[in-house]
Amino acid sequence: MSEVRLRFAPSPTGYLHVGGARTALFNWLLARKENGKFILRIEDTDVARSTQESVDAILEGMRWLGLDWDEGPFYQSERFPLYKEFAARLLAEGKAYRCYCSAEELEAKREQALKEGGKPKYDGTCRGLTGEIPGKPYVVRFKAPHEGVTSFDDLVKGTISFANSELDDLIIQRSDGTPTYNFTVVIDDATMGVTTVIRGDDHVNNTPRQILLYQALGSPVPKFAHVPMILGADKTRLSKRHGATSVMAYRDMGFLPEAMVNYLVRLGWSHGDEEIFSLRELIDKFTIEAVGRSAGVFNPDKLLWLNAHYIKTGDPQRLAALLLPFLQERGVDVGQGPELADVVRTLQERARTMLEMADGALFYYRRAFDYDPQAAEKFLKPEVVPLFEAVRERLGRLDPFSGEGVEAAFKEICAEQGIKMGQLGPPVRVALCGGTTSPSIFEVIAVLGREDALQRIARALAFIKAHS
RNA sequence: GGUCCCAUCGUCUAGCGGUUAGGACACCGGCCUUUCACGUCGGUAACAGGGGUUCAAGUCCCCUUGGGAUCACCA
């Protein structure tokens with residue numbers, strides 16, 4: 001009956017970055033594991049900085065990762081009347097008050113306090129005010145207790161306590177009537193029935209104020225779990241300097257969503273010695289208690305390794321579909337050439353990203369490619385002409401035309417000619433692919449098909465004649 | 001500066017009083033091999049420092065040091 005309710009509440013001021021994605025993932029995982037609800041809420045109270053493009057980018061990122069939500073997306077900008085209502089209620093109950101201090105005055109006092117080595121807290125000038133001053137702009141401040149201690153049991157960091165004397169009367173409503181963050185989060189989490197708040201640990205300092213607000217509102221305080229942030233290689237906050245931080249940028253670089261999810265979850269969370277987790281396994285095995293307390297460095301190499309793993313073990317048909325846009329970007333018409341899934345199969349073990357796979361797949365669809373100069377000089381020499389002729393002859397009558405058949409044919413040629421595969425393979429590879437690296441030439445020939453393979457050999461033969 | 005948080009290989013981490021301190025990425029070697037990869041076998045590499053508590057401390061406590069977060073009419 002008492003289902004858990006979690007939420008991801010990004011502010012739409014940019015794309016979905018890896019840190020946010022991980023926070024979303026942890027929330028989603030717990031919701032799914034506990035059969036609870038996962039709510040998506042857009043925190044766009046800062047109208048000036050929020051954009052629809054950002055909202056779209058965030059939703060796109062969530063969908064790409066497979067993080068579906070049960071409720072929302074809710075927009076805070078559509079709930080302003082609600083916040084105003086609650087602010088008025090607090091005001092009426094004497095739990096908040098109107099503050100007429102101007103932003104300039106406050107700024108001056110803050111600087112003064114800082115200069116004297118004190119804490120830059122609000123001094124409470126208007127705290128005792130009772131009546132209203134007609135016509136004068138005011139903000140609404142929450143009347144926070146000055147005594148006592150506010151503490152909470154953080155699900156990842158343990159008990160955290162703050163002396164209330166450290167807190168001041170935070171503004172919950174601006175002079176223009178709009179609500180502030182610390183207020184809207186509490187109102188929303190309270191009214192949406194959020195039971196557990198998983199968020200970045202840059203929010204721990206906000207938590208005591210929020211708890212006080214819950215108490216003033218008479219709402220149950222949710223559980224909190226503050227997850228550590230993600231750092232760059234130099235241990236500073238992850239930023240563009242360290243490479244891509246946008247989740248979608250990783251898709252564009254050829255990463256698979258399951259690799260991203262797997263990487264992100266392991267950054268800060270672990271389950272014994274296990275490294276590979278499917279979404280299904282994560283739902284079963286994830287626990288917030290197993291999330292580490294310290295910040296972690298984003299390691300692109302490991303992400304790459306995971307991506308390679310998922311490419312290696314992925315379904316060729318699905319990979320082919322994912323590969324298509326990368327190929328089209330390179331001007332390849334996959335309609336003219338071998339079946340893409342067959343091509344994928346030959347590349348799965350040697351591509352770490354779909355981008356690499358696209359590059360590796362190019363030669364299959366390009367018939368008039370240039371030979372790599374060095375490779376041509378080394379391997380496309382007159383001596384290989386009889387070898388190529390033998391290959392032509394064998395391939396011409398090979399039946400059935402399969403990878404195994406091709407391999408057997410090549411072995412026979414080697415035996416007949418008294419040479420080793422090392423003398424036959426490389427030149428054929430250059431003839432087929434234009435360079436010295438490719439999948440097994442047996443597979444390549446099988447995928448290319450008899451006609452295409454033979455034509456490539458013939459083309460190489462012509463090239464040799466023209467250059468000797 | 002105040003408050004709060006953090007601290008095991010280069011990196012992600014296991015460890016929850018007694019371990020030869022384990023795994024993974026990366027790196028370095030061997031093997032496999034038609035190229036490149038994959039795979040496989042092996043190797044280098046860590047408990048920040050100091051005090052306690054205890055028969056016993058990477059594990060518990062305190063301090064130091066070093067990181068970080070936060071102190072808005074941003075979220």
Side-chain angles (χ1 to χ4, degrees), chain A residues 9-13 43-46 48-50 76 99 101-103 106-107 110 113-114 117-121 137-141 154 156-158 160-163 165-168 170-182 184-185 200-208 226 228-229 231 233 235-237 263 266-276 290 292-306 308 312 347-352 356 360 375 379 407 410-411 414 420-430 433 435-442:
Chain A
S11 85
T13 54
E43 309 223 319
D44 57 352
T45 54
D46 185 344
R49 294 202 304 155
S50 301
Q76 291 190 323
C99 171
C101 299
S102 73
L106 259 21
E107 185 54 38
R110 199 175 296 127
L114 230 35
K119 313 177 204 316
K121 297 200 323 181
Y138 63 88
V139 299
V140 177
R141 282 185 188 275
D154 193 280
V156 349
K157 297 191 186 267
I160 300 177
S161 304
F162 291 83
S165 58
E166 292 299 330
L167 279 21
D168 62 356
L170 81 158
I171 292 170
I172 59 177
Q173 187 177 94
R174 303 184 185 98
S175 49
D176 65 0
T178 61
T180 58
Y181 168 74
N182 280 112
T184 58
V185 199
D201 70 1
D202 48 332
H203 285 286
V204 295
N205 290 291
N206 287 326
T207 308
H226 289 98
M229 54 183 242
L231 310 175
K235 304 255 192 172
T236 62
R237 184 181 216 122
Y263 178 71
R266 274 288 288 107
L267 181 52
W269 174 84
S270 62
H271 190 264
D273 283 342
E274 292 180 59
E275 294 288 351
I276 308 293
R293 306 123 306 248
S294 51
V297 173
F298 188 87
N299 183 349
D301 277 335
K302 190 149 186 180
L303 206 210
L304 206 49
W305 173 75
L306 279 165
K312 217 174 300 169
L347 265 11
Q348 278 178 281
E349 294 204 327
R350 53 205 99 221
R352 294 178 301 174
E356 288 183 2
F379 296 110
E407 180 164 4
F410 270 71
K411 283 189 172 146
C414 285
K420 293 192 165 182
M421 198 62 83
Q423 294 166 267
L424 214 213
V428 171
R429 170 168 290 104
V430 177
C433 317
T436 52
T437 74
S438 82
S440 154
I441 53 172
F442 312 135

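Every value quoted in this text rests on a predicted model; they were computed, and no experiment measured them. Chain A is the first sequence line, chain B the second, and so forth, proteins listed ahead of strands; every chain is numbered from 1. Note that these values count all heavy atoms, side chains included, but never hydrogens, waters or copies made by symmetry.
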Expressed in angstrom and rounded to an integer, what is the separation of A/E407 atom CD from B/U33 atom C1'? 11 Å

With both distances under 3.5 Å as the test, what is the Watson-Crick or G-U wobble partner of B/G58? none

Roughly how many Å apart are B/G22 and B/G15, using the C1' atom of each and rounding to a whole number? 8 Å

Looking only at B/C73, B/C4, B/U35, the nucleotide nearest the A/S438 side chain is B/U35

Looking only at the side chain of A/F442 (C-beta and beyond, no hydrogens), which of the listed nucleotides B/A7, B/C4, B/U34 gets closest? B/U34

Over how many whole Å does the gap from A/H271 atom NE2 to B/C12 atom C1' extend? 17 Å

Applying a 4.0 Å non-hydrogen cut-off, can you work out what A/T184 is touching in the nucleic acid: base, sugar-phosphate, or nothing? nothing

So A/S11, base contact, sugar-phosphate only, or nothing? Heavy-atom distance under 4.0 Å. sugar-phosphate

Candidate pair A/E166 and A/K121, rule side chain to side chain contact (heavy atoms under 4.5 Å, CB included), full reasoning: CA-CA 8 Å; A/E166 292 299 330; A/K121 297 200 323 181; 5.7 Å; no

Which of the following nucleotides, B/U3, B/C6, B/U13, is nearest to the side chain of A/F162? B/U3

Could you tell me how far B/A48 sits from B/G43 if I compare only their P atoms? Round to whole Å. 25 Å

Of the candidate nucleotides B/C73, B/A69, B/C5, which contains the atom at the shortest distance from the side chain of A/R237? B/A69

Write down the distance separating the P atoms in B/U64 and B/C4, rounded off to the nearest Å. 14 Å

I want to verify a distance call: between B/A75, B/U34, B/A24, whose nearest atom is closest to the A/P426 side chain? B/U34

Say whether A/T178 and A/D176, considering side chains only, have a donor N or O and an acceptor N or O under 3.5 Å apart. yes

A/S440 near the nucleic acid: base, sugar-phosphate alone, or nothing, with a heavy-atom cut-off under 4.0 Å? base

With rounding to the closest Å, how many angstrom separate the C1' atoms on B/G50 and B/A7? 15 Å

What about A/R350, does its side chain sit under 3.5 Å from the base of B/C36 through a donor-acceptor pair? yes

In Watson-Crick or G-U wobble terms, with both distances under 3.5 Å, the base opposite B/C32 is none

Whole-Å distance, A/K235 NZ to B/G68 C1', equals 11 Å

Indicate, with a heavy-atom threshold strictly under 4.0 Å, whether A/G268 touches base, sugar-phosphate, or nothing. sugar-phosphate

Closest of B/A75, B/G2, B/C12 to the A/E166 side chain is B/G2

Among B/C73, B/A69, B/U35, the nucleotide that comes nearest once only the side chain of A/I171 is considered: B/C73

Base, sugar-phosphate or nothing for A/K420? Non-hydrogen atoms, less than 4.0 Å. nothing

Residue closer to the 5' end of RNA chain B, A/W305 versus A/Q76 (nearest nucleotide): A/W305

Between B/U8 and B/C71 - P atom distance, rounded Å: 27 Å

Select base, sugar-phosphate, or nothing to describe what A/E275 touches, counting heavy atoms under 4.0 Å on all strands. base

Rounded to the nearest angstrom, tell me the gap between atom CG in A/D301 and atom P in B/U11. 13 Å

Please determine whether the number of non-hydrogen atoms from other residues, nucleotides or ligands lying under 6.0 Å from atom CZ of A/R429 exceeds 12. yes

Gap in Å between the two P atoms, one belonging to B/C47 and one to B/C9, rounded: 7 Å

Please classify the nucleic acid contact of A/I441 as base, sugar-phosphate, or nothing, using heavy-atom distances under 4.0 Å. base

If you measure from the C1' atom in B/U20 to the same atom in B/U11, how many Å do you get, rounded? 24 Å

Stacking between A/H226 and B/A69, defined as ring centres under 5.5 angstrom apart with planes under 30°, is that present or not? no

Find the partner of B/C4: check Watson-Crick (N1-N3 plus N6-O4 or O6-N4) and G-U wobble (N1-O2, O6-N3) distances, both under 3.5 Å, and reply none if neither fits. B/G68

When all nucleic acid strands are considered with a 4.0 Å heavy-atom cut-off, which category describes A/R49: base, sugar-phosphate, or nothing? base

So A/C99, base contact, sugar-phosphate only, or nothing? Heavy-atom distance under 4.0 Å. nothing

Scanning all shown strands, the Watson-Crick or wobble mate of B/A21 with both distances under 3.5 Å is none

Interatomic distance at P, B/U44 relative to B/C28, whole Å: 16 Å

Does A/D168 reach a base, just sugar-phosphate, or nothing at all? Heavy atoms under 4.0 Å. nothing

A/Y263 or A/G158: which one's nearest nucleotide on RNA chain B is closer to the 5' end? A/G158

Give one of base, sugar-phosphate or nothing for A/K312, where a contact means two heavy atoms less than 4.0 Å apart. sugar-phosphate

note: A/N205, atom CG; B/G68, atom P; distance rounded to Å ~ 16 Å

Would you mind reading off the distance between A/E349 atom CD and B/U40 atom C1', rounded to a whole angstrom? 13 Å

With a 3.5 Å limit on both atom pairs, tell me what B/C9 is paired to, counting Watson-Crick and G-U wobble, or say none. none

Of the listed B/G23, B/A75, B/G68, the closest approach to the A/K302 side chain comes from B/G23

When we call it a touch if two heavy atoms are under 4.0 Å apart, what does A/P439 touch: a base, just sugar-phosphate, or nothing? base

Can you name the one residue among A/N206, A/N205, A/D201 that meets side chain to side chain contact (heavy atoms under 4.5 Å, CB included) with A/H203? A/N206

For A/R429, which contact category applies under a 4.0 Å heavy-atom criterion: base, sugar-phosphate, or nothing? base

Let's see if you can work this out: which of B/C4, B/A14, B/A72 has an atom nearest to the side-chain heavy atoms of A/D273? B/A14

Assign A/V297 to base, sugar-phosphate, or nothing according to its heavy-atom contacts below 4.0 angstrom with the strands shown. sugar-phosphate

So for A/S175 and B/C73, does any side-chain atom that can act as donor or acceptor lie under 3.5 Å from a complementary atom in the base? yes

Take the protein atom CG of A/L231 and the nucleotide atom C1' of B/A69, then report the distance between them rounded to whole Å. 11 Å

Which of the following nucleotides, B/A69, B/A75, B/C6, is nearest to the side chain of A/H203? B/A75

In whole angstroms, the gap separating P of B/G67 from CE of A/M229 amounts to 14 Å

